[in-house]
Amino acid sequence: MGSHVQILEGLQGALQPQGFEVYLFQVGWYNDILEPSFHLSYPPDTLAFVVLSAPSMFEKSFKPFLAQHKLHNLRDPIDQCVAHHMGLVKERFPQRKIDIIYDYELHPNRRPKVLMQTAAHVSGAAYYYQRKDVEQDPWGQRKMFGVCVHPKYGGWFAIRAVLVFSEVQIPRLEQTPPIDCVPAQEDRIRLLENFNFNWRDGKYREVVAVEERYSVEQTLYFSTPPAERRKLLDLWGQVHPSPPC
């Protein structure tokens, strides 16, 4: 059994019961389709993984985390939960050097440290639909952002982190392409328009028949402005109480 299989199984064992999914890729697959300014600074055969949160993460990880840990006021609660579980992953691999890059991390020039949707695409986790995937582009000079679609969850998921095992090189790794679950051109147009023009209504998330989606409670949480989410958790009684003075 290759070391990459053992690492993948270890990650899955740690994260899948918590509502996360893990997909492997080589750094070179990611770098090969991006401009040099976005490249990850590792050898091309370096082993890396994309971590997604499935809809079940809210109940399996986030609520238990809130009940057991005191929140730091200056950090997003979901980010704190994800960082907690990535820290547990590091503990599971004490002999490995793991660089963790979170979805919100930026370089000093404000450029993302990782283009998470590109990483998800090259890992086979979710198909990254962009305007180049539409043959008859109807948008002219208008800027259109792309969006990933998962074959099971549609748009009801989030890409949380990339884990780079910086000292593990796997030269002949076979790439698994993502599932093209929106093959029709009219559906791709509708997907991109819903995402770019009406993303708040969430219709882009339902472009495919999904097996699992966010609960009403979870949808409310993520639709609440980040600055107001702590108040919502307090209202729900989900925040771990501070110890008495």
Worksheet item: Between Glu206 and Tyr204, do the side chains contain an N or O donor and an N or O acceptor separated by less than 3.5 Å?
Response: no
Worksheet item: Ignoring hydrogens and geometry, is there a side-chain-to-backbone donor-acceptor pair from Gln185 to Glu135 under 3.5 Å?
Response: yes
Item to complete: Using the six-membered ring wherever Trp is involved, compare the ring planes of Trp236 and Tyr221 and label them parallel, tilted or perpendicular (cut-offs 30° and 60°).
Response: tilted
Worksheet item: Using the ring of each side chain (for Trp, its six-membered ring), is His121 parallel, tilted or perpendicular to Tyr127, with breaks at 30° and 60°?
Response: perpendicular
Discussion item. If you define the side chain from C-beta out and look only at heavy atoms, does anything of Leu52 sit under 4.5 Å from Val50?
Written reply: yes
Worksheet item: Can you tell me if Glu217 uses its side chain to pair, donor with acceptor, with the backbone of Tyr214 under 3.5 Å?
Response: no
Worksheet item: Is a side-chain N or O of Gln80 found less than 3.5 angstrom from the main chain of Arg75, in a donor-acceptor match?
Response: yes
Discussion item. Can you confirm whether Ile179 is buried at CD1, in the sense that more than 12 heavy atoms of other residues, nucleotides or ligands lie under 6.0 Å from that atom?
Written reply: no
Practice prompt. Return the orientation label for the Phe25 and Tyr30 ring planes: parallel under 30°, perpendicular over 60°, tilted otherwise.
Written response: tilted
Practice prompt. Answer whether the closest heavy-atom distance between the side chains of Phe165 and Lys97 falls below 4.5 Å.
Written response: no
Discussion item. With heavy-atom distances below 4.5 Å as the criterion, would you say the side chains of Leu106 and Lys113 are in contact?
Written reply: no
Discussion item. Take a 6.0 Å sphere around CZ of Phe222 and say whether it holds more than 12 heavy atoms from other residues, nucleotides or ligands.
Written reply: yes
Worksheet entry | Lys60 to Phe58, cation-pi by 6.0 Å centre distance and 45° axis angle | no
Discussion item. For the backbone of Leu191 and the side chain of Asn194, can you confirm whether one donor and one acceptor N or O come within less than 3.5 Å of each other?
Written reply: no
Discussion item. One pair to check against side chain to side chain donor-acceptor pair (under 3.5 Å): Trp156 and Gln218. What are the steps and the verdict?
Written reply: CA-CA 10 Å; Trp156 300 103; Gln218 187 174 180; over 6 Å; no
Worksheet item: So, the side chain of Arg188 versus the backbone of Asp133: is there a donor-acceptor pair under 3.5 Å, distance only?
Response: yes
Worksheet item: What are the two closest heavy atoms between Thr224 and Leu220, and how far apart are they?
Response: OG1-O, 2.7 Å
Item to complete: Classify the angle between the aromatic ring planes of Phe20 and His85 as parallel (below 30°), tilted (30 to 60°) or perpendicular (above 60°).
Response: tilted
Tell me which donor-acceptor pairs under 3.5 Å the side chains of residues 11-18 have, and how far apart each pair is, sequence neighbours excluded?
| unit_1 | atom_1 | unit_2 | atom_2 | d |
| --- | --- | --- | --- | --- |
| Gln18 | OE1 | Ser61 | OG | 3.4 |

Worksheet item: Closest approach of Asn31 and Leu40, non-hydrogen atoms and distance?
Response: OD1-N, 2.9 Å
Discussion item. I'd like to know if the side chain of Glu212 reaches the main chain of Ser56, judged simply by a donor and an acceptor atom lying under 3.5 Å from each other, with no hydrogens or angles considered.
Written reply: yes
Practice prompt. Using atom types as modelled and distance alone, determine if a side-chain donor or acceptor of Arg111 lies under 3.5 Å from a backbone N or O of Phe38.
Written response: no
Worksheet item: Between Tyr129 and Phe195, is the gap from one ring center to the other below 6.0 Å?
Response: no
Item to complete: Name all residues meeting the ring pair (Phe, Tyr, Trp, His ring centres under 6.0 Å) criterion together with Trp29; count only those two or more places apart in sequence or in a different chain, and write none if there are none.
Response: none
Discussion item. Between Asn196 (side chain only) and Leu192 (backbone N and O only), is there a donor and an acceptor less than 3.5 Å apart?
Written reply: yes
Worksheet entry | Side-chain donor or acceptor of Thr46 paired with backbone N/O of Tyr42 under 3.5 Å | no
Worksheet entry | His150: partners by ring pair (Phe, Tyr, Trp, His ring centres under 6.0 Å), with sequence neighbours left out | Tyr153, Phe157
Discussion item. Between the side chains of Lys231 and Glu228, is the shortest nitrogen-to-carboxylate-oxygen separation below 4.0 Å, so that they form an ion pair?
Written reply: yes
Practice prompt. Ignoring hydrogens and angles, state whether a donor on the side chain of Arg160 or Ser53 is under 3.5 Å from an acceptor on the partner side chain.
Written response: yes
Worksheet entry | Asp76 side chain to Tyr104 side chain, donor-acceptor N/O pair below 3.5 angstrom | no
Worksheet entry | Nearest atoms (heavy-atom pairs only) where Val168 meets Ser3 | CG1-OG, 4.1 Å
